[in-house]
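Input: a single structure, listed below in structure tokens.
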Amino acid sequence: MARAIKTATKSLNDYGRVAGEDAIEEIRALAAPFKGAEVLHINSTAYGGGVAEILYTIVPLMRDIGLAATWMVIEAPPAFFDFTKALHNALQGMAGQDLMLGLDTYLATNEREAACFSGSPDFVVVHDPQPAPLASHLRDRFGPKTKWIWRCHIDLSSPAEEAWDLIRPFVERYDAAIFTMSAYAKEGLRVPRLAMIPPSIDPLSPKNVEIPVGTAREIVAGYGLDPSRPIVVQVSRFDPWKDPLGVIDAYRMVKREIPGVQLALVGSMAADDPEGTAYYRMSVEHAAGDPDVHVLSNLNGVGNADVNAFQTAADVVVQKSIREGFGLTVSEGLWKARPVVAGNVGGIPLQVEDGKSGFLVSSVEECAERILYLLTNPEKSREMGLAGKEHVRRRFLSTRHLADYLTLFRALAQDGVSTARELAV
Ligand code: UDP
């Protein structure tokens with residue numbers, strides 16, 4: 001049974017001091033026509049990964065500005081997630097995924113979960129491929145008033161053909177599709193409206209609220225790191241696309257020059273990510289007992305405030321992705337005024353301005369070289385961190401995200417051509 005997720009109360013006014021009062025006023029003006037409008041978000045996990053992270057902020061903020069926003073998570077058995085993981089990989093272009101195994105479960109689960117929904121919301125935002133078939137089941141039941149939006153958080157630019165053939169008929173039942181950036185939209189996708197909306201971080205959440213560096217260092221010391229020595233941090237799921245093994249290799253190269261350097265790999269195990277546990281073990285094995293490599297996860301009790309502490313305490317934040325949707329951890333690192341060394345893929349170049357707020361890298365060697373540079377040039381690191389923080393303030397906070405949703409709602413509520421703004425990022 002799909003279940004409603006409860007979220008804390010948030011007040012838009014609190015965001016003025018970090019995002020700027022003009023951003024708050026813009027949101028209030030955009031929200032005015034939507035007082036009382038019902039907005040239903042649906043995804044497949046309440047914990048782990050970027051989507052849930054965003055919904056814990058966007059849903060209560062929508063409520064605070066007068067929309068009747070709710071969030072439902074579909075319930076699904078492990079076979080469903082095995083299938084959707086393969087589908088996710090195939091949609092991002094990975095060949096050789098078995099899309100027959102679990103397909104029945106995927107279709108049957110969506111059909112069964114559809115039975116849990118009723119009413120006639122004004123806007124339904126369905127996140128990612130897992131619940132994508134819901135529009136096909138519910139469109140008629142909800143009626144013509146409901147506008148259906150598919151929010152695709154992944155890169156659909158070059159999917160494996162069979163994956164695209166499978167998902168396309170479901171997606172084309174929507175009134176609009178949102179992609180993180182135009183490069184991720186699938187050419188030829190037939191939906192009436194397309195919007196480009198990058199995700200965002202919540203500057204006031206326990207993960208991103210400012211904490212003193214001293215406090216952050218104390219917290220990481222509790223996990224066994226020595227706060228007086230350099231710290232390199234990557235926060236991400238244990239996943240081949242995030243290349244935790246490559247990060248360990250880069251750390252080893254740095255260690256030859258700076259013996260005191262320490263590495264923390266912090267990664268949560270998302271409920272919809274069965275590969276995570278296996279990749280966690282591989283990372284531990286790859287660390288080969290090095291006491292300066294700390295492979296930590298939510299299973300060690302690392303929560304949001306601790307992730308904040310690791311990012312704040314880091315001398316360099318790394319996100320060495322090989323393929324990436326957006327990479328929220330990059331904005332999170334920059335928001336802590338840390339320089340970020342990150343893979344030159346996906347949404348990362350939107351966030352890291354190469355040479356200004358960190359470095360974009362394409363190999364282990366390059367990653368090591370840039371980390372070494374930053375560790376040996378603290379003044380430059382500081383400058384880059386501050387530049388990154390300002391960039392995130394302007395482009396990647398929840399307030400900008402909220403304004404983009406409202407702009408899309410306005411476009412959908414009007415007849416005629418979309419006015420959803422394409423962000424010039
Ligand atoms: N995250 C976390 N704890 C961890 C690892 C990751 O809270 O141990 C969070 C991370 O801070 C970020 C999100 O999970 O907010 C990951 O989002 P991102 O876009 O970087 O990657 P995704 O997992 O969605 O591919």
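First listed ligand is number 1; within each ligand, the first listed atom is number 1. For clarity, every value in this text was computed on a predicted model and none was experimentally measured.
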field: Partner set under ring pair (Phe, Tyr, Trp, His ring centres under 6.0 Å) for His401, not counting sequence neighbours
entry: Tyr405

- request: Write down the atom of Ala368, the atom of Met253, and the distance for their closest heavy-atom approach.
  value: CB-CB, 3.6 Å

- prompt: If you measure only the distance, is there a donor-acceptor pair under 3.5 Å linking the side chains of Asn89 and Trp241?
  reply: yes

- request: Provide the number and element of each atom of ligand 1 under 4.0 Å from a heavy atom of Gly267.
  value: 4 (C), 5 (C), 8 (O)

query: Salt bridge check: are Arg229 and Asp226 linked by an N-O gap of less than 4.0 Å?
result: yes

With sequence neighbours excluded, residues passing ring pair (Phe, Tyr, Trp, His ring centres under 6.0 Å) with Phe326: Phe396

- prompt: Hey, is Asp404 close enough to Arg400 for a salt bridge, meaning N to O under 4.0 Å?
  reply: yes

task: Output the list of atoms in ligand 1 that are nearer than 4.0 Å to some heavy atom of Glu332, sorted by atom number.
output: 10 (C), 11 (O), 12 (C), 15 (O)

message: Under 4.0 Å from a heavy atom of Arg237: which atoms of ligand 1 are those, numbered in the order shown and with their elements?
response: 22 (P), 23 (O), 25 (O)

Asn208 side-chain N/O to Asp202 backbone N/O, donor-acceptor pair under 3.5 Å: yes

task: Would you mind listing which atoms of ligand 1 come within a distance below 4.0 Å of any non-hydrogen atom of Val266?
output: 5 (C), 8 (O)

query: Should you measure from each heavy atom of Glu53, which atoms of ligand 1 turn up under 4.0 Å away?
result: 15 (O)

Polar atom proximity, Lys242 to ligand 1 (N or O, under 3.5 Å): yes

statement: Checking heavy-atom distances from atom 6 (C) of ligand 1 to each of Val235, Asp128, Asn298, the winner is Val235

- request: Report, in ascending order of atom number, the atoms of ligand 1 lying under 4.0 Å from any heavy atom of Asn304.
  value: 7 (O)

task: Output the list of atoms in ligand 1 that are nearer than 4.0 Å to some heavy atom of Gly327, sorted by atom number.
output: 19 (O), 20 (O)

